[in-house]
Trainee: 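One structure, as structure tokens, below. Some questions next.
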Amino acid sequence: MTGAAAGGLTHAAPQLLRTAQDGLAVAWRNLIGLRRVPRLLVFSTIQPLVFVLMFRYVFGGVVAPALHGVSYVDFLIPGIFVQTVVFGAMNTAIGLATDMQTGLMERFRSLPMARSAVLVGRTTADLVRNVFVVAMMTGVGFALGFRIHAGVPSFLGGVLLVLAFGFAMSWIFAVVGMAVGDPETAQAAAFPVLAPLVFASAAFVPVNTMPGWLQAFAVHQPVSRTADAVRVLVLGGPAASDVWQALAWDAGIVAVFAPLGVWLYRRAV
Amino acid sequence: MADPAIAVSGLSKRFGAVAALDAVDFHVEPGTVFGLLGPNGAGKSTAIRVLTTILPPSGGRAEVLGHDVVREPAAVRGLIGLAGQYAAVDKNLTGRENLRLIGRLTHVRHSRVRRRAAELLERFELTEAADRPARTYSGGMRRRLDVAAALVPDPPVLFLDEPTTGLDPQSRNALWDLIRRLVADGTTVLLTTQYLEEADQLASRVVVIDRGRVIADDEPALLKSHLGNTVIELDMVGGERAARAADLLRAGFEEAPQVEGPHLSLVSRDGSRPLLEVLRVLESHDLVPGTVAVREPSLDDVFLQLTGHSGGTPAAGAP
């Protein structure tokens, strides 16, 4: 017999290492795509830029009195970080749905690669994209008057928390992308879910002016938990409880949606 | 006889009420080219997708080098290469990056990936374009890159789904040569095609499928001998003239002339040689045809012969 099995062209690595290598190979492929089609990156940075300017200057004056001395831009930027990665997660759905329509997916499914690799590769590439976008938003924030109040390590901890949340959201949208299978539908399906999560939250305004029924939702949903945790890490104060709650959401989301996504990939045609 | 490289028995695949594959059986000898022939929608691609573990079958069994596609899909994936009907390459990646990606995902040794990619780019005459994104490639170049990608891990079994559809004759011949060389080196190739000529050029065995069922399983030479090898078509300008011409010509041919309206077709085992005699006979009876065409038998001819109905879809038939 010739070839792969006996010919020594291929290598044998432990299963887990192989799974990681396969995911990274696909992530590498997705990042090259992002570099070659830079408009994707440009548009995913323009949108949060518009948001930060709009909220800072349109709503800033109204919200400021409710903040008891905290400047609105310091309150807003952690919320913008979270909003950015949540909306950015739509790209995970769009990217996967686009892939599903190409012959490349058929080939992937016939290769001896890990069944999780296509999804891990996509969510990992989107994590790297979020690093760039959050770094850029930090720069914009500083230009608009945002300042770190609790030290740089604590701020970086906040950024990591934002990235972890973005990664978790990517897994939700990986499932959306696999389930709907075409990019237009993925985008249309994503927005009605995202808008209430982002706007009925503590991302842009304190929740205490919302009606009671809405407050109940707004306080306990993951966007608020993460925005509040990041805010504490930036502004100072006891952070542990908020951070643990945010991390618990991230872990819970990945634990549910990653297996679901891989299951959908296995049976997608 | 050696164990078959591919063994398919009673294989079925249903999509709702439609049977894309209906109890299909065939065996592929190792180190040979096997042709799966049929019109569009016959079930060729479905068969390939089941054999490459992309689709689960609804019933029956399929094995590749002794590994069951349902129970040991991972083992099967490690032994096969697939080049699909649609050039399955990433348009944003360069040719070289595409091959390296497949190398990494098929677990080719790191030290070999680079060299293997360069080798294949050279063999498929893509070296010059190697570092341009594949979206700048022509259709033929993309197709070559796609086949090159399937060969990266040097698979012992190669599946080619209509590999030459849309290729110009020069690229097609180059691909045929490549397939012959691979087989000479021991690779087993299963290819699907709509073209009898392609199967005849490459395959040592051909299975013809129609509507998910095997309707012929033979050596291409035998298939052709059932059919003759050249078709002479005459437009007699009128059904009555066509019938008279058929009567006159019946004696000279082993297969009865086929009449369809004003059209008359004859199957020749002797190339276009009988044509002069045909025209001479017809002229002497004042039955000179309006138009004359001589062509190689198409898949439609095989179908007409085997099933009594034509392939059915407009795209099926002559190359």
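Hydrogens, waters and symmetry mates play no part in the numbers below; they use all other heavy atoms, side chains included. Every value quoted in this text rests on a predicted model; they were computed, and no experiment measured them. The chains referred to below are lettered A, B, ... by the order of the sequence lines, with proteins before strands, and numbering in each begins at 1.
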Trainee: Kindly indicate whether the side chain of B:Lys91, heavy atoms from C-beta on, has any atom under 4.5 Å from the side chain of A:Val37.
Mentor: no

Trainee: Roughly how far apart are A:Arg35 CZ and B:Asn92 CG, rounded to 0.5 Å?
Mentor: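 The CG atom of B:Asn92 is 11.0 Å from CZ of A:Arg35, to the nearest 0.5 Å.
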
Trainee: Step through the shown structure and confirm whether more than 12 heavy atoms of other residues, nucleotides or ligands are within 6.0 Å of CD on A:Gln47.
Mentor: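 Enclosed: over 12 neighbouring heavy atoms sit under 6.0 Å from CD of A:Gln47.
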
Trainee: Could you measure the distance from the CG atom of A:Leu104 to the CG atom of B:Asn98? Nearest 0.5 Å is fine.
Mentor: 7.5 Å

Trainee: Locate the shortest heavy-atom distance separating A:Arg107 from B:Ala88; write the atom from each residue and the value.
Mentor: NH1-O, 3.0 Å

Trainee: To the nearest 0.5 Å, what is the distance between CZ on A:Arg109 and CG on B:Leu82?
Mentor: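 So the gap between those two atoms works out to 11.5 Å.
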
Trainee: With only heavy atoms counted, which part of B:Val152 is less than 4.5 Å from chain A, the side chain, the backbone, both or neither?
Mentor: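 Just its backbone gets close to chain A.
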
Trainee: Does any part of the side chain of A:Glu106, heavy atoms only, come nearer than 4.5 Å to the side chain of B:Thr52, both counted from C-beta?
Mentor: no

Trainee: By a 4.5 Å heavy-atom criterion (distance strictly below it), what part of B:Thr188 contacts chain A: side chain, backbone, both, or neither?
Mentor: neither

Trainee: Is the count of non-hydrogen atoms from other residues, nucleotides or ligands lying under 6.0 Å from A:Phe132 atom CZ greater than 12?
Mentor: no

Trainee: With rounding to the nearest 0.5 Å, note down the distance linking CG in B:Asp90 to OG1 in A:Thr102.
Mentor: 7.5 Å

Trainee: If you count heavy atoms of other groups shown closer than 6.0 angstrom to CD of A:Gln187, is the number above 12?
Mentor: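 Not more than 12 within 6.0 Å, no.
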
Trainee: Which bit of B:Ile80 is near chain A, if near means a heavy-atom gap under 4.5 Å: side chain, backbone, both or neither?
Mentor: side chain

Trainee: Is it the side chain or the backbone of A:Arg115 that comes within 4.5 Å of chain B heavy atoms, both, or neither?
Mentor: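 Looking at A:Arg115, just its side chain touches chain B.
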
Trainee: Heavy atoms only, distances under 4.5 angstrom: which of B:Thr106, B:Val108, B:Val76 has the most pairs with chain A? Name it, please.
Mentor: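 Looking at each option in turn, the highest pair count goes to B:Val108.
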
Trainee: Is the count of non-hydrogen atoms from other residues, nucleotides or ligands lying under 6.0 Å from B:Arg180 atom CZ greater than 12?
Mentor: yes

Trainee: Please report the interatomic distance CZ(B:Arg104) to CE(A:Met113), rounded to the nearest 0.5 Å.
Mentor: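 These two atoms lie 11.5 Å from each other.
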
Trainee: Checking heavy atoms, do the side chain of B:Ala5, its backbone, both or neither come under 4.5 Å from chain A?
Mentor: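 Neither part.
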
Trainee: Above 12 or not: heavy atoms from other molecules or residues under 6.0 Å from CG of A:Leu16?
Mentor: no

Trainee: Heavy-atom distances under 4.5 Å only: say whether B:Ala75 touches chain A with side chain, backbone, both or neither.
Mentor: neither

